[in-house]
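Here the structure comes first, spelled out in structure tokens, and everything after it is commentary.
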2 protein chains.
Amino acid sequence: MPGRNGKGPAWWRGKFRGCGYRLTVPRETIIEVLSKAAKHLSAEEIYLAVHKVYPAIGLTTIYRTLELLVQIGLVFKFDFGDGRARYELAEGPKGIRQHYHLVCTNCGRVIDYTDFIDEAKEFLSQTMKALTEKYNFKIANHLIQFYGLCEKCQK
Amino acid sequence: MPGRNGKGPAWWRGKFRGCGYRLTVPRETIIEVLSKAAKHLSAEEIYLAVHKVYPAIGLTTIYRTLELLVQIGLVFKFDFGDGRARYELAEGPKGIRQHYHLVCTNCGRVIDYTDFIDEAKEFLSQTMKALTEKYNFKIANHLIQFYGLCEKCQK
DNA sequence: TTGGGAATGAAAACCATTACCATTTAGGAG
DNA sequence: CTCCTAAATGGTAATGGTTTTCATTCCCAA
């Protein structure tokens, strides 16, 4: 099961070489951090995590690498409206990660839900097919967010 | 048909008074601009539009008012990842506006689609009901975005 | 091993948004 | 209608996440 431990020939290396990008310690470490993170991290959180392993890292490199990873399609970039972007691996061991969120418009809390996805699948596949045809738009990913008040903020 | 012209007793005034907020020229003008805009505008675009009618307007007031309108639920705030937020009236003459987008990850173009919404309705109502129950989350609005490459950027 | 372009990191620049504060204004009380 | 007071405004300065600049370092193909 390649890519599960830190040493094996990671599944994403081919993507780098294929695009002509170099494999460097900062880049590997950033992907390592992202793959171990359960949730969407901010640039600063990634910086701090990488810094523990590779103290020479610069914040600039974090941003540059993330931009590159987003470009390649390895990473997904979110914006929940709190002024800082969040990043998450687009792919995981179980395939494409899903991005379904409940966003509290009062406190900013974000709940990732993974339920009710089967119901979404059919609707999504139909809609994507139709949109692709009508707008000639090549869909690579999608995002569904519900906004409202979380349990605490309803009081 | 109240609220269609600039003088009639606009449909949103009650919302202001009810919350204890004052009716001012800047606020009225900002809502006016938003209601005439077909699409999501950035703060600066709103500023420029208001400035034509009310040159004394300050950018600070634009931001403050938009924040208020978002709070009240009159306006919806988007973030497409280009570093500036976009704003759009949450309600329109035809009721709640829908927020379904195709976002090009290459050029940043945003396509609003209004097709295939009926198919979404059933799925959404079911999912919202289930999410509301499971997470005790009071859903007020939702957003569906598909990311990919637009027609031009596929070449 | 070596050459050269890609990648890096520190510091400065950038820019949308927010905070500060003195002034003006809406709108209810009298 | 006039006063009064808290709310609202707007110019300016500050904030803070992100990007640019540029000299230095590093990957890697030959």
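All of these numbers come straight from a predicted model, not from anything done at the bench. Numbers restart at 1 for each chain; the letters A, B, ... are given by sequence-line order, proteins then strands.
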- Message: Are more than 12 heavy atoms, taken from residues, nucleotides or ligands other than A/Gln126, located less than 6.0 Å from that residue's CD atom?
- Response: yes
- Message: Please report the distance, rounded to the nearest Å, between CG in B/Leu66 and C1' in C/dT18.
- Response: 13 Å
- Message: Looking at B/Gln154, I'd like to know if its CD atom is crowded, meaning that more than 12 non-hydrogen atoms belonging to other residues, nucleotides or ligands lie closer than 6.0 Å.
- Response: yes
- Task: Using a cut-off of strictly less than 4.0 Å, decide whether B/Arg27 has a side-chain nitrogen or oxygen near OP1 or OP2 of D/dA8.
- Result: yes
- Round to the nearest Å and state the distance from A/Tyr47 atom OH to D/dT18 atom P. 14 Å
- Query: Does OP1 or OP2 of D/dT18 have a side-chain N or O of B/Arg84 closer than 4.0 Å?
  - Reply: no
- Message: Without decimals, in angstroms, what is the distance between A/Arg13 CZ and D/dC28 C1'?
- Response: 15 Å
- Send over the distance from B/Glu28 CD to D/dA8 P, rounded to a whole Å. 14 Å
- In whole angstroms, how far is the C1' atom of C/dG5 from the CG atom of A/Leu23? 16 Å
- Query: Toward the 5' end of DNA chain C, which comes first, B/Glu44 or B/Thr24, by nearest nucleotide?
  - Reply: B/Glu44
- Please report, rounded to the nearest Å, how far the C1' atom of C/dT8 is from the CZ atom of A/Arg22. 12 Å
- Task: Select one nucleotide: of D/dT18, C/dA26, C/dG9, the one nearest the side-chain heavy atoms of A/Leu59.
- Result: D/dT18
- Identify whether any heavy atom of A/Phe16 sits under 4.0 Å from a base atom; if not, whether one sits that close to sugar-phosphate; answer base, sugar-phosphate or nothing. nothing
- By nearest-heavy-atom nucleotide on DNA chain C, the more 5' of B/Arg17 and B/Arg86 is B/Arg86
- Query: Are OP1 or OP2 of C/dT18 and a side-chain N or O of B/Tyr63 less than 4.0 angstrom apart?
  - Reply: no
- Report the distance from atom NE2 of A/His51 to atom P of C/dT8, rounded to the nearest whole Å. 16 Å
- Base D/dT12 paired with B/Thr60 side chain (donor-acceptor, <3.5 Å): yes
- Task: Could you work out which one of C/dA7, C/dG28, D/dA8 sits closest to the side chain of B/Tyr21?
- Result: D/dA8
- Main-chain N/O of A/Arg22 paired to A/Arg27 side chain as donor or acceptor, under 3.5 Å: yes
- Query: How far apart are the C-alpha atoms of B/His101 and B/Tyr147, what are their side-chain angles, what is the distance that settles it, and do they pass the side-chain hydrogen bond (donor to acceptor under 3.5 Å, both in side chains) test?
  - Reply: CA-CA 8 Å; B/His101 304 135; B/Tyr147 299 88; over 6 Å; no
- Between A/Ala85 and B/Pro55, just flag the one whose closest nucleotide in DNA chain D comes earlier from the 5' side. B/Pro55
- Message: OP1 or OP2 of D/dG17 versus the side-chain N and O atoms of A/Tyr87: is any pair under 4.0 Å?
- Response: no
- Message: Can you measure B/Ile30 atom CD1 to D/dA8 atom C1' for me and round it to whole angstrom units?
- Response: 11 Å
- Query: Counting heavy atoms not belonging to B/Lys15, are there more than 12 under 6.0 Å from its NZ?
  - Reply: yes
- Taking N and O atoms by type only, does the side chain of B/Ser42 place a donor or acceptor under 3.5 Å from a partner on the base of C/dA16? no
- Item | Listed nucleotide nearest any side-chain atom of A/Arg64, set D/dT9, C/dT17, C/dG9 | C/dG9
- Task: Look at the side chain of A/Ala43 and decide which nucleotide, out of D/dT18, C/dT8, C/dA7, has an atom nearest to it.
- Result: D/dT18
- Check every atom of D/dG10, C/dG9, C/dG28 against the side chain of B/Ala56 and return the nucleotide holding the closest atom. D/dG10
- Message: Given the structure, check if the side chain of B/Thr61 and the base of D/dA8 hold any donor-acceptor pair shorter than 3.5 Å.
- Response: no
- Query: Within the distance-only criterion (no hydrogens, no angle test), does the side chain of A/Ser125 pair as donor or acceptor with the backbone N or O of A/Glu122 below 3.5 angstrom?
  - Reply: yes
